[in-house]
2 protein chains.
Amino acid sequence: MPKRVDHEERRTAIARALIRVAGRRGLHRVGMRDVAAEAGISLRLVQYYFETKEKLLLHGLRQLAADFGERATARRRAAGEGAGPRAAVEALLLESLPTDEESRTFHLLFTSYAVLAATDEALAAQPFTDAPDAAENAVTHLLEQALGEGLLTPGADPRREAAGLLAMAAGLGSGILAGQRSPHDAAGVLRHHLDRLFPGTGPEG
Amino acid sequence: MPKRVDHEERRTAIARALIRVAGRRGLHRVGMRDVAAEAGISLRLVQYYFETKEKLLLHGLRQLAADFGERATARRRAAGEGAGPRAAVEALLLESLPTDEESRTFHLLFTSYAVLAATDEALAAQPFTDAPDAAENAVTHLLEQALGEGLLTPGADPRREAAGLLAMAAGLGSGILAGQRSPHDAAGVLRHHLDRLFPGTGPEG
DNA sequence: ACGTTCATGGTACGTTCGTACCACAAAAAT
DNA sequence: ATTTTTGTGGTACGAACGTACCATGAACGT
């Protein structure tokens with residue numbers, strides 16, 4: 001056989017090609033031929049590593065979530081290990097906003113997948129809500145920690161606040177994508193709400 | 001000629017058929033033949049009233065926004081004319097949540113259009129951000145009114161709060177659509193934030 | 001009464017897409 | 001050395017889709 005190839009490596013490369021071309025042209029109107037051309041291989045090879053388009057799309061979603069997770073933790077680490085829960089939450093939320101090209105692609109495609117999952121049965125399976133649930137759990141945990149340290153506004157329910165903050169970030173991201181709002185304004189809205197949730201850590205304190 | 005027909009009436013009927021079938025099967029994978037079958041007419045007639053599919057999709061978006069506007073004002077009127085800004089804002093936000101089949105379809109399709117507009121040039125035109133801007137202006141106006149009456153928490157910026165609330169409602173809606181959250185929980189999150197924004201009008205007052 | 005316009009039906013064409021099929025060379029296994 | 005597996009290329013097929021074309025009867029204008 002021709003030189004043995006690492007299948008997993010190949011699959012992530014193809015999945016990333018799918019993500020790139022879908023980020024430009026939209027997840028609809030992306031065919032296997034487009035993915036093949038973007039990856040610099042033949043259509044046959046895309047078929048070889050992912051037998052069907054549905055499996056390719058599913059793997060693309062997993063790749064998208066995995067890459068985002070890496071960026072989020074990297075950003076959180078860059079924000080400082082002991083920077084406190086407020087900074088950690090802010091870093092996580094701001095990372096989810098479509099500011100640069102990479103996060104824009106992530107937000108666009110994740111929304112596209114969400115829309116697909118609402119009607120296609122095969123995509124509505126487990127792996128989809130896993131990522132948002134993980135994010136919500138992470139933020140909830142950080143807020144609980146903040147509550148224990150007395151940083152949170154009284155009467156705050158960590159889980160509810162986490163759900164609200166993540167939903168707000170997602171909505172603001174869609175607004176940016178649609179050209180309705182600037183990333184700067186969206187970040188301002190987000191920080192404003194964090195200021196109210198974390199009294200004393202705001203712009204004046 | 002066969003009995004003269006009101007073109008505008010026909011076009012809204014076809015556009016509503018598009019909305020129905022797209023709500024079931026997803027906006028992608030909706031063809032003109034599906035719309036024709038749903039409307040009970042021939043494919044030729046869909047071509048006749050909308051020359052091209054792109055025009056049909058554009059009109060579908062306008063119809064969607066118009067129908068939602070009607071529902072929103074109806075709900076606000078049902079909430080009571082003089083019920084105060086808090087109730088008005090709450091009614092508007094809750095209407096945007098996908099609770100029943102109609103609002104679910106609205107949220108799903110509006111998100112689908114937003115995704116399309118992010119990549120397709122023809123759809124990124126004016127009419128898309130009009131509806132969200134109108135909603136934001138309405139909420140902003142209500143919050144300004146509340147601020148004047150001293151109902152709002154101190155230091156609140158009406159426009160920023162409006163943007164945040166609408167973004168949160170949109171994000172919660174997506175969570176409901178994806179099956180991540182129940183409509184009941186989403187409404188709870190929303191009301192919780194309104195309680196903080198409107199001190200004294202909450203559950204204990 | 002007659003020609004014109006309008007609404008509608010049916011259908012065919014070109015394209016694109018996902019998938020299946022056939023072929024072949026290189027490396028591993030025996 | 002031979003046989004089997006593995007990676008890769010090319011291509012063809014069937015379906016679906018948007019659009020264009022042709023036809024036709026029924027109402028309106030004159």
Side-chain angles (χ1 to χ4, degrees), chain A residues 1-22 24-61 109 112-113 115-116 119-123, chain B residues 1-61 109 112-113 116 119-123:
Chain A
M1 1 170 173
K3 60 171 174 156
R4 208 64 176 271
V5 154
D6 185 339
H7 271 225
E8 223 42 50
E9 178 184 339
R10 206 71 148 186
R11 284 165 63 91
T12 69
I14 298 178
R16 290 218 174 94
L18 161 69
I19 290 174
R20 283 197 304 275
V21 64
R24 293 199 305 266
R25 295 215 279 269
L27 189 58
H28 65 297
R29 88 170 50 170
V30 160
M32 318 208 71
R33 286 165 178 86
D34 304 292
V35 177
E38 175 76 23
I41 58 180
S42 76
L43 165 64
R44 179 64 182 87
L45 278 196
V46 180
Q47 279 190 272
Y48 183 68
Y49 289 104
F50 301 92
E51 282 108 41
T52 175
K53 187 188 183 183
E54 190 174 52
K55 293 179 182 175
L56 170 61
L57 286 178
L58 257 150
H59 194 84
L61 172 58
L109 294 191
S112 302
Y113 274 114
V115 163
L116 284 193
T119 51
D120 289 270
E121 308 182 6
L123 214 49
Chain B
M1 359 169 176
K3 58 172 173 150
R4 205 66 176 272
V5 154
D6 185 339
H7 271 224
E8 223 41 51
E9 179 183 339
R10 207 68 148 189
R11 286 164 62 91
T12 69
I14 298 178
R16 289 219 174 94
L18 161 68
I19 291 175
R20 283 196 304 275
V21 64
R24 292 199 305 266
R25 294 215 280 267
L27 189 58
H28 65 298
R29 89 169 49 169
V30 160
M32 319 210 71
R33 285 164 178 87
D34 304 292
V35 176
E38 175 77 21
I41 60 180
S42 76
L43 165 64
R44 179 64 182 85
L45 277 196
V46 182
Q47 280 190 272
Y48 182 68
Y49 289 105
F50 302 91
E51 283 109 41
T52 174
K53 188 189 182 181
E54 190 173 52
K55 293 180 183 174
L56 170 61
L57 286 179
L58 257 151
H59 194 84
L61 172 59
L109 294 191
S112 302
Y113 275 114
L116 284 193
T119 49
D120 289 87
E121 307 183 6
L123 213 50

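Keep in mind that what you see is a predicted model, and the values were worked out from it rather than measured. Note: hydrogens, waters and symmetry copies are ignored here, and every other heavy atom, side chains too, is used. So you know, we letter chains A, B, ... as the sequences are listed, proteins then strands, and number each from 1.
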> Under the 3.5 Å rule, do the base of D/dG7 and the side chain of A/R4 count as making a donor-acceptor pair?
Replying inline: no
> Starting at CG of A/L57 and ending at C1' of C/dC17, how long is that distance when rounded to a whole Å?
Replying inline: 13 Å
> Checking all strands, does B/F50 fall into the base, sugar-phosphate, or nothing category for heavy-atom contacts under 4.0 angstrom?
Replying inline: nothing
> Which residue, A/Q47 or A/D34, contacts DNA chain C at a nucleotide closer to its 5' end, judged by nearest heavy atom?
Replying inline: A/D34
> Applying the side chain to side chain contact (heavy atoms under 4.5 Å, CB included) test to A/F50, which of A/L58, A/L45, A/L18, A/L56 qualifies?
Replying inline: A/L56
> Considering all heavy atoms of both residues, which atom of B/A17 and which atom of B/V35 are nearest to each other, and what is their separation?
Replying inline: CB-O, 4.0 Å
> Just wondering, do A/R20 and A/R16 contact through their side chains at under 4.5 Å, heavy atoms?
Replying inline: yes
> When you measure from the side chain of B/V5, which nucleotide among D/dC17, C/dC22, C/dA7 comes out closest?
Replying inline: C/dA7
>> Under 4.0 Å, counting only non-hydrogen atoms across every strand here, what does B/I41 touch: a base, just sugar-phosphate, or nothing?
In response: nothing
>> Can you tell me how the ring of B/Y49 sits relative to the ring of B/H7, calling it parallel under 30°, perpendicular over 60° and tilted otherwise?
In response: perpendicular
> Nearest to the side chain of A/T52 - D/dT8, C/dT19, D/dG9?
Replying inline: C/dT19
> Nearest-Å distance, CZ (A/R29) to C1' (D/dG18)?
Replying inline: 13 Å
>> Students often get this wrong, so: under 4.0 angstrom with heavy atoms, is A/V46 touching a base, only sugar-phosphate, or nothing?
In response: nothing
> Given atom NZ of A/K55 and atom P of C/dG18, what is their separation to the nearest angstrom?
Replying inline: 16 Å
>> Pair B/L27, B/L116 - check side-chain contact (heavy atoms from CB on, under 4.5 Å), show working.
In response: CA-CA 10 Å; B/L27 189 58; B/L116 284 193; 4.0 Å; yes
> Rounded to the nearest Å, what distance is computed from the NE2 atom of residue B/H28 to the P atom of nucleotide D/dA16?
Replying inline: 16 Å
> Is the shortest side-chain N to carboxylate O distance from A/E38 to A/R25 below 4.0 Å?
Replying inline: no
>> What's the closest nucleotide to the side chain of A/S42 if the choices are C/dA12, C/dA7, D/dG9?
In response: D/dG9
>> Using a heavy-atom cut-off of 4.0 Å across all strands, would you classify A/R10 as base, sugar-phosphate, or nothing?
In response: sugar-phosphate
> How many Å lie between NZ on B/K53 and P on C/dT15, as a whole number?
Replying inline: 19 Å
> For B/R25 and D/dA16, what is the distance between atoms CZ and P respectively, to the nearest whole Å?
Replying inline: 12 Å
> How do A/Y49 and A/L43 order along DNA chain D: which one's closest nucleotide is nearer the 5' end?
Replying inline: A/Y49
>> Let's see if you can work this out: which of D/dT11, D/dT19, D/dT8 has an atom nearest to the side-chain heavy atoms of A/R44?
In response: D/dT8
> In whole angstroms, how far is the P atom of C/dT15 from the CZ atom of A/R33?
Replying inline: 14 Å
> Taking CD from A/E51 and P from C/dC21, how many angstroms apart are they, rounded to a whole number?
Replying inline: 14 Å
> If you check the B/M32 side chain, which of D/dT19, D/dA12, D/dT6 turns out closest?
Replying inline: D/dT19
>> Less than 4.0 angstrom between a side-chain N/O of A/H7 and OP1 or OP2 of D/dG7, yes or no?
In response: yes
> Given D/dG9, C/dT19, C/dT8, which nucleotide is nearest the side-chain atoms of A/L45?
Replying inline: D/dG9
>> Which nucleotide wins on minimum distance to the side chain of B/Y48, given the candidates C/dA7, D/dT19, C/dT19?
In response: C/dA7
